[in-house]
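What follows is one structure encoded as structure tokens, with my remarks underneath.
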Amino acid sequence: MAYWGGGGAAGWSGDWMRGGRQGRTDGWDYEELGKVYDPSILKRLWPYITSFRWQALTALSGMLLYSVTSYVQPFIMGIAVERLADTALTLTERREAVTVAGLLLVVLAAVSWVAQWAQRLLTGYIGQQLLFRLRRELFEHLNKLSLSFYDRQEVGRVMSRATSDVVVMQELMTSGFLNVLADLFGLALIVFFLFWLDPLLAVVSLSVIPVLLVLMAIWQRHAAQAFIRVRQAIAVVNSSINENVSGVRVVQSLGREEHNLGEFDRLNERNRDLNLRAGKLQAAVMPLVELLSAVATALVLVVIAMRVFGGSMEPAHALGHATAFTLYIQRFFNPVRDIVLQYTQLQRAMAGAHRVFEVLDTEPEIVDAPDAIDLPDVEGRVDFKGVGFEYVEGVPVLEDFELHVEPGETVAFVGHTGAGKTTVTALVSRSYDVTNGSITIDGTDLRRIRRESLRRRMAVVLQEPFLFSGSVAENIRYGRLDASDDEIRRAAAAVGAAPFIERLPEGYETELHERGQNLSVGQRQLIAFARAVVAEPRILVLDEATANVDTQTERTIQQALQVLLAGRTSFVIAHRLSTIRHADRIVVMDEGEIAEIGSHEELLERGGVYADLYRMTYERHAGDVDEDGLDDEEGDRALAERSSDWGLGAAVLGGGGN
């Protein structure tokens, strides 16, 4: 089925699968960061990583080599200083020791640079490939999910999973984990060299670590909450901007600019204050680490001095140890600081991965049966057999609905809002599956027809036309990419869109703004009609597709439909009497059941619900009909006004094979 035009309900999202509203904290959207390490997430990520196993292993090797060549340098420098200060050695021996150490440091630096370059190059490659693959899989899956999924979810939350959550996943699988591994490996190397050089001094150097861990635990508890609130605040600010920009016409028409600015200032000020508080917390950790680093260095120097003055350590040996330990203490606190700062980022990445996999694990509710068949050319016979349907479990919309429509027959549906008119067309297009009973096309159950086959023979035009970025021709060609320029022009002419398209600056190649905002509503609807015609559907669904067009445009469409519906099965819901009165039968629906059925004249003679509605809206305009049988502008407007309360709609089933 091809969809032309769009719009959909999006309820409160909250719990992902149940559609409940998520918790809120002080009126702000709540975001759970999750665990720093979740083995189930890593298990899911493993297939993505193994698809780049050689690049990942090479990057890991580069990281290890970089760490080794970096952290061995203080050890060599300590030895060089010790040899240089050793008066027992000759000047030549000292010179040779310094020269060898200098050359070795240059070689190590070169190897370290190459290793780090290879690591960053490969992690960048892996990261972009993973980002491409994840977004593609998510985009493909989102297009497969049923409309009921989007009925339960907010579009903004779905979009965040396909954008920001995928990005943090990419960071997690590349630089995030690799940086943490590099830091942990570096810490292990530093501890190894410290204990190798001098176990006592190593213990002294690490004596401040318990203090650091306690302070970091306290800091992290406050910092994590602060960072969460920052993300909540910016999300609300962005939401306010999006809402005001999207509804700028309403804002300006109601003079809400100053009031909305005041509301935005309040949100923006809260965002600023929370960011400043988070900045203060983040700024506090750096001096803390530097302070403990200085304390550890001072303790080591004091112990070395005491051992020198006590005669247990030679001055040259002391200088070498002082140099090596000072450098190692400085390098030790760098990875510690990095790990602390990456803590929240790793939490966010794990939570992002969890949210992405929630989407990927959501199964489409509408799937092809194992024995599904391709739909052959259809005649247009549609049968509803004991159809029951529920959007929400336990709340029936249709109950035991029975209707048989012959090819070529026109059937109109009217009824109050919520009577089930749109549901009937949604079930025919298999946007949803029936809860009970069955719907057949030419005797074949819809659930036994491959969805792709059904979509090739069906087009839907909704009340709110959805146009995509691109030219007019590209939008008309959207449902059938192999359509020629001549076919596009013929389709536009058939629905009466050609005159205004040809007046556009570049005709059919005119670029449309977002959602076609540089066109009127009626013009957008005509393009949606032309798009449906080009798709050459066997079944055409028009769901109130003429509700937003003026009477003259609607008359143009009605005249075009007389030709276009010939040889096609068509469902139409409309608030226009011109559609209803020409139907072979009119079905009056009430709470999911058929209350009355018959032709326009038969229902008027019966004097029931339909007759009452007709008399309320059209009795005083009964003569205001043109010679072609179309209602005048005043009559159409009267029906539209009254039917907005009564819920009048029409669904036309015109048939035939093509």
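We use all heavy atoms of the structure for the numbers below, so side chains are in, but hydrogens, waters and symmetry mates are not.
- Sorted by first and then second residue, the salt bridge (charged side-chain N to carboxylate O under 4.0 Å, His left out) pairs involving residues 185-206 (not counting sequence neighbours) are Asp198-Arg307.
- Annotation: the span from Glu363 atom CD to Glu365 atom CD amounts to 10.5 Å, rounded to 0.5 Å.
- Taking the side-chain contact (heavy atoms from CB on, under 4.5 Å) definition, one finds that Val191 meets it with Phe195, Leu206, Phe332, sequence neighbours left out.
- Looking at Val472 and Glu509, their side chains never come closer than 4.5 Å, going by heavy atoms from C-beta outward.
- Summarising the local packing, CE of Met313 is surrounded by more than 12 heavy atoms from other residues, nucleotides or ligands at distances under 6.0 Å.
- Among pairs with a residue in residues 60-86, those fulfilling ring pair (Phe, Tyr, Trp, His ring centres under 6.0 Å) read Phe75-Phe193, Phe75-Trp196, at least two apart in sequence or across chains.
- Under the side chain to side chain donor-acceptor pair (under 3.5 Å) criterion, Arg450 pairs with Asp374, Glu452, not counting sequence neighbours.
- With salt bridges taken as basic N to acidic carboxylate O contacts below 4.0 Å, none links Glu269 and Arg266.
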Check: Do Ile329 and Ile190 pass the side chain to side chain contact (heavy atoms under 4.5 Å, CB included) test, and can you show the C-alpha distance, the side-chain angles, and the key distance before you say yes or no?
Finding: CA-CA 8 Å; Ile329 289 172; Ile190 290 174; over 6 Å; no
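- Remark: Asp482 engages Arg480 in a side chain to side chain donor-acceptor pair (under 3.5 Å) (not counting sequence neighbours).
- Expressed to the nearest 0.5 Å, how far CZ of Arg331 lies from CD of Gln73 amounts to 5.5 Å.
- Dense packing is recorded around CZ of Phe264, with more than 12 heavy atoms of other residues, nucleotides or ligands lying under 6.0 Å away.
- Taking CG of Leu65 as the reference point, atom CG of Leu60 lies at 11.5 Å (rounded to 0.5 Å).
- To the nearest 0.5 Å, atom OH of residue Tyr125 and atom CG of residue Leu130 are 10.0 Å apart.
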Scan the side chains in residues 287-304 for donor-acceptor partners under 3.5 Å anywhere in the protein, sequence neighbours excluded, and list what turns up.
| unit_1 | atom_1 | unit_2 | atom_2 | d |
| --- | --- | --- | --- | --- |
| Glu290 | OE2 | Arg337 | NH1 | 3.4 |
| Thr297 | OG1 | Ser293 | O | 2.9 |

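- Looking at residues two or more places apart in sequence or on another chain, you find a side-chain contact (heavy atoms from CB on, under 4.5 Å) between Leu138 and Leu142, Ala162, Val166, Val356, Val359, Leu360.
- Thr510 and Pro505 make their closest contact through OG1-N, 3.9 Å (heavy atoms, listed as atom of the first residue, atom of the second, distance).
- Listed by chain and residue number, Arg94, Val98 satisfy the side-chain contact (heavy atoms from CB on, under 4.5 Å) test with Leu84 (two or more places apart in sequence, or in another chain).
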Checklist line | Check against side chain to side chain contact (heavy atoms under 4.5 Å, CB included), Thr50 and Arg53 | finding: CA-CA 4 Å; Thr50 54; Arg53 61 173 64 89; 4.1 Å; yes
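- Below 30°, between 30° and 60°, or above 60°: for Tyr478 and Phe468 the angle between ring planes is below 30°, a parallel geometry.
- In this structure, the side chain to side chain donor-acceptor pair (under 3.5 Å) partners of Ser112, at least two apart in sequence or on a different chain, are Ser70.
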Check: Going through the distances and angles, do Met77 and Leu327 end up as a side chain to side chain contact (heavy atoms under 4.5 Å, CB included)?
Finding: CA-CA 9 Å; Met77 293 174 68; Leu327 292 174; 3.8 Å; yes
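- Note on residues 60-71: no pairs pass salt bridge (charged side-chain N to carboxylate O under 4.0 Å, His left out), not counting sequence neighbours.
- In terms of heavy-atom proximity, Asn475 sits nearest to Gly470 at ND2-O, 4.0 Å.
- Checked against Arg270 for a side-chain contact (heavy atoms from CB on, under 4.5 Å), the options Leu267, Leu274, Asp273 give a single hit: Leu274.
- Here the closest non-hydrogen pair linking His141 and Pro364 is CE1-CD, 4.4 Å.
- The two atoms that bring Ala324 and Gly78 nearest to each other are CB-CA, 4.1 Å, heavy atoms only.
- Taken to the nearest 0.5 Å, the CG atom of Leu189 stands 8.0 Å off from the OH atom of Tyr328.
- Residues Phe185 and Leu64 have side chains in contact (heavy-atom distance under 4.5 Å, counting atoms from C-beta outward).
- When the side chain to side chain donor-acceptor pair (under 3.5 Å) test is applied to Thr58, no partner is found at least two apart in sequence or on another chain.
- The CD atom of Gln116 sits 10.0 Å away from atom OG1 of Thr123, with the distance rounded to the nearest 0.5 Å.
- Residue Arg120 places its CZ atom among 12 or fewer non-hydrogen atoms of other residues, nucleotides or ligands, all under 6.0 Å distant.
- The side-chain hydrogen bond (donor to acceptor under 3.5 Å, both in side chains) pairs that include a residue from residues 308-325 are Glu82-His317, His317-His321, where partners are two or more places apart or lie in different chains.
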